2 protein chains.
Amino acid sequence: MATGRTHRPATRSRGIPEATVARLPLYLRALTALSERSVPTVSSEELAAAAGVNSAKLRKDFSYLGSYGTRGVGYDVEYLVYQISRELGLTQDWPVVIVGIGNLGAALANYGGFASRGFRVAALIDADPAMAGKPVAGIPVQHTDDLEKIIKDNGVSIGVIATPAGAAQQVCDRLVGAGVTSILNFAPTVLSVPDGVDVRKVDLSIELQILAFHEQRKAGEETAGEEAVTASVPKNTPKGPDGDVPVVMPA
Amino acid sequence: MATGRTHRPATRSRGIPEATVARLPLYLRALTALSERSVPTVSSEELAAAAGVNSAKLRKDFSYLGSYGTRGVGYDVEYLVYQISRELGLTQDWPVVIVGIGNLGAALANYGGFASRGFRVAALIDADPAMAGKPVAGIPVQHTDDLEKIIKDNGVSIGVIATPAGAAQQVCDRLVGAGVTSILNFAPTVLSVPDGVDVRKVDLSIELQILAFHEQRKAGEETAGEEAVTASVPKNTPKGPDGDVPVVMPA
DNA sequence: TGTTGTGAACCATTTCACAGCC
DNA sequence: GGCTGTGAAATGGTTCACAACA
């Protein structure tokens with residue numbers, strides 16, 4: 001969902017399909033759980049079940065990374081955890097700033113899973129002078145005036161926008177101007193960014209509307225007499241990696 | 001079970017592609033903004049720009065809904081707003097419950113865009129007895145014990161899960177048992193649900209990891225020639241080839 | 001034997017390009 | 001002349017099915 005032309009045409013063998021990239025975090029999470037239970041190896045079938053995908057897809061996904069499995073046996077859990085982490089760039093530290101410390105921004109700052117995987121909240125930024133200095137999740141909020149300096153001092157390349165929609169584009173422009181090249185946008189707006197900058201968006205309202213669409217169709221289904229089909233609707237939204245079937249996961 | 005011969009006859013005529021459905025909310029938002037500015041008509045080019053897609057895609061998307069445009073002129077804004085709203089099921093009221101009123105759940109409850117389009121927060125539910133009765137966003141929190149009753153009394157078919165990961169599956173099971181057929185999951189877990197139940201997930205950590213992947217790639221771009229780590233690397237070595245820092249994540 | 005890795009078939013989505021209509 | 005609506009081509013992603021191999 002990057003905007004416009006992102007990075008490079010040089011379609012090297014190094015090119016991992018976007019759909020695969022989007023599933024790697026899912027595999028990683030399932031693998032981490034296995035690792036914590038000291039499970040040494042896992043088959044594609046088991047891991048796929050834990051990640052909620054089918055095994056053929058998982059094997060194909062892994063084949064883009066290399067041949068990390070052992071035929072007749074499966075995959076070494078620790079080894080895969082490391083390889084996927086490395087592929088995702090999680091073996092390095094990613095300082096992140098959150099801009100807009102309202103309800104949502106504060107919730108994000110407090111979100112634990114944030115820090116756990118190489119991401120570190122380097123700074124919180126808000127436009128309200130009254131918030132300046134107040135600690136949220138143990139981190140003092142800084143004023144928007146210092147945005148550029150904060151970005152540069154901390155070497156931030158990933159920014160999270162949790163401002164109201166009206167402020168989002170302006171904040172985005174400043175982040176990009178200061179050197180941020182990846183943005184996670186929670187504001188309900190389409191952001192416009194130059195080439196080379198990635199934007200991903202998270203939008204509650206859109207997700208609900210998509211659910212409503214399917215919900216409405218389910219309701220109308222009983223009355224639609226012509227279809228003999230339908231023991232199951234095309235559930236499951238093949239948009240990203242889907243949340244669908246199985247299982248597990250502690251903490 | 002998902003593995004059985006699932007030869008499902010494709011749902012024809014009424015079948016709007018999932019990718020199109022996922023973009024309708026985007027179009028709707030852009031159209032609503034135009035409507036508020038009293039713009040009477042838009043071309044596919046203009047609307048596409050506002051929604052952040054290209055115009056061919058937009059026209060193709062609209063063609064699945066019907067022929068709502070006028071050649072040589074464009075689309076009537078009000079008319080399209082209505083058609084898309086109807087298609088998405090937003091002309092009816094959708095009572096929603098939020099389960100798990102922590103930082104995130106409270107932020108969601110306070111989120112304005114929620115109520116704006118047919119979605120109404122019918123109840124807030126939390127497992128902590130100490131929260132019971134306390135108002136969040138003007139709505140009193142109710143205890144999990146009453147979950148089933150709340151769902152039924154309010155005719156809720158959409159549930160939002162904002163609990164810790166460990167509680168999510170159990171909450172999900174109870175929601176589904178009580179009649180919920182669409183779930184928006186904020187907990188970092190793969191939920192298992194029966195056929196006919198839709199799950200969409202929103203996962204901050206996954207989004208960041210996807211960004212990190214691209215970010216890493218950008219960084220490696222200038223200094224090309226990344227060495228290929230491949231099958232020649234001995235397995236069972238959770239250590240990188242060279243001095244790479246192997247970060248195996250903690251909880 | 002059991003399970004991976006992968007061509008090849010299949011399916012979905014995007015993009016192109018232009019005919020059709022205002 | 002301008003803009004929509006849509007076949008057809010191109011691209012991207014998923015699933016099948018089986019050979020390779022520890």
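Just so we're on the same page: letters track the sequence lines, and every chain starts at 1. Keep in mind that what you see is a predicted model, and the values were worked out from it rather than measured. Computed over heavy atoms, backbone and side chain alike; hydrogens, waters and symmetry mates excluded.
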Under-3.5 Å N/O pairs linking protein and nucleotides 7-11 of chain C:
residue, atom, partner, partner atom, Å
C:dG7, N7, A:K60, NZ, 3.4

Inset, instruction - Count the heavy atoms of every other residue, nucleotide or ligand shown that sit under 6.0 Å from CD of B:Q170, and state whether that count exceeds 12. - result: no
Legend entry - Interatomic distance, B:L58 CG vs C:dT14 P [rounded to whole Å]: 12 Å
Inset, instruction - Give the rounded distance in Å between these two atoms: CD of A:E46 and P of C:dG2. - result: 14 Å
Inset, instruction - Carefully, step by step, assess A:R217 and B:D198 under the rule salt bridge (Lys or Arg N to Asp or Glu O under 4.0 Å). - result: CA-CA 12 Å; A:R217 242 189 3 173; B:D198 275 308; over 6 Å; no
Inset, instruction - Would you confirm whether A:E207, through its side chain, and B:N185, through its main-chain N or O, come within 3.5 Å as a donor-acceptor pair? - result: no
Inset, instruction - With heavy atoms under 4.0 Å as the rule, sort A:Y75 into base, sugar-phosphate or nothing. - result: sugar-phosphate
Inset, instruction - Send over the distance from B:K57 NZ to D:dT6 P, rounded to a whole Å. - result: 19 Å
Inset, instruction - Figure out the CD/P separation between A:E45 and D:dT15, and round it to whole Å. - result: 13 Å
Inset, instruction - Using only side-chain N and O atoms of B:R59, determine if any of them is under 4.0 Å from OP1 or OP2 of D:dG2. - result: no
Legend entry - Value in whole Å for how far the C1' atom of D:dT15 lies from CZ of A:F62: 17 Å
Legend entry - Short side-chain N/O contact to D:dT14 OP1/OP2 from A:N54, under 4.0 Å: no
Inset, instruction - Report yes if a side-chain nitrogen or oxygen of B:S43 is closer than 4.0 Å to either non-bridging phosphate oxygen (OP1 or OP2) of D:dC3; otherwise report no. - result: no
Inset, instruction - May I ask you to evaluate whether A:S44 reaches the phosphate of C:dT4, defined as a side-chain N or O under 4.0 Å from OP1 or OP2? - result: yes
Legend entry - Centroid separation B:Y79 to B:Y68 less than 6.0 Å: yes
Legend entry - A:T189: partners by side-chain hydrogen bond (donor to acceptor under 3.5 Å, both in side chains), with sequence neighbours left out: none
Inset, instruction - Send over the distance from B:D61 CG to C:dT15 P, rounded to a whole Å. - result: 11 Å
Legend entry - Integer-rounded Å distance: D:dG2 C1' and B:L47 CG: 17 Å
Inset, instruction - Looking only at side-chain atoms of B:A56, point me to the closest of C:dC16, D:dT14, C:dC22. - result: C:dC16
Inset, instruction - Using atom types as modelled and distance alone, determine if a side-chain donor or acceptor of A:S35 lies under 3.5 Å from a backbone N or O of A:L31. - result: no
Legend entry - Nearest-Å distance for atom pair CZ/C1', residues A:R71 and D:dC21: 6 Å
Inset, instruction - Nearest-nucleotide wise, let me know which of A:P17 and B:G72 is further upstream toward the 5' end of DNA chain D. - result: B:G72
Inset, instruction - Take B:Y111 and A:L104 through the side chain to side chain contact (heavy atoms under 4.5 Å, CB included) test and state the conclusion after the steps. - result: CA-CA 8 Å; B:Y111 176 54; A:L104 179 60; over 6 Å; no
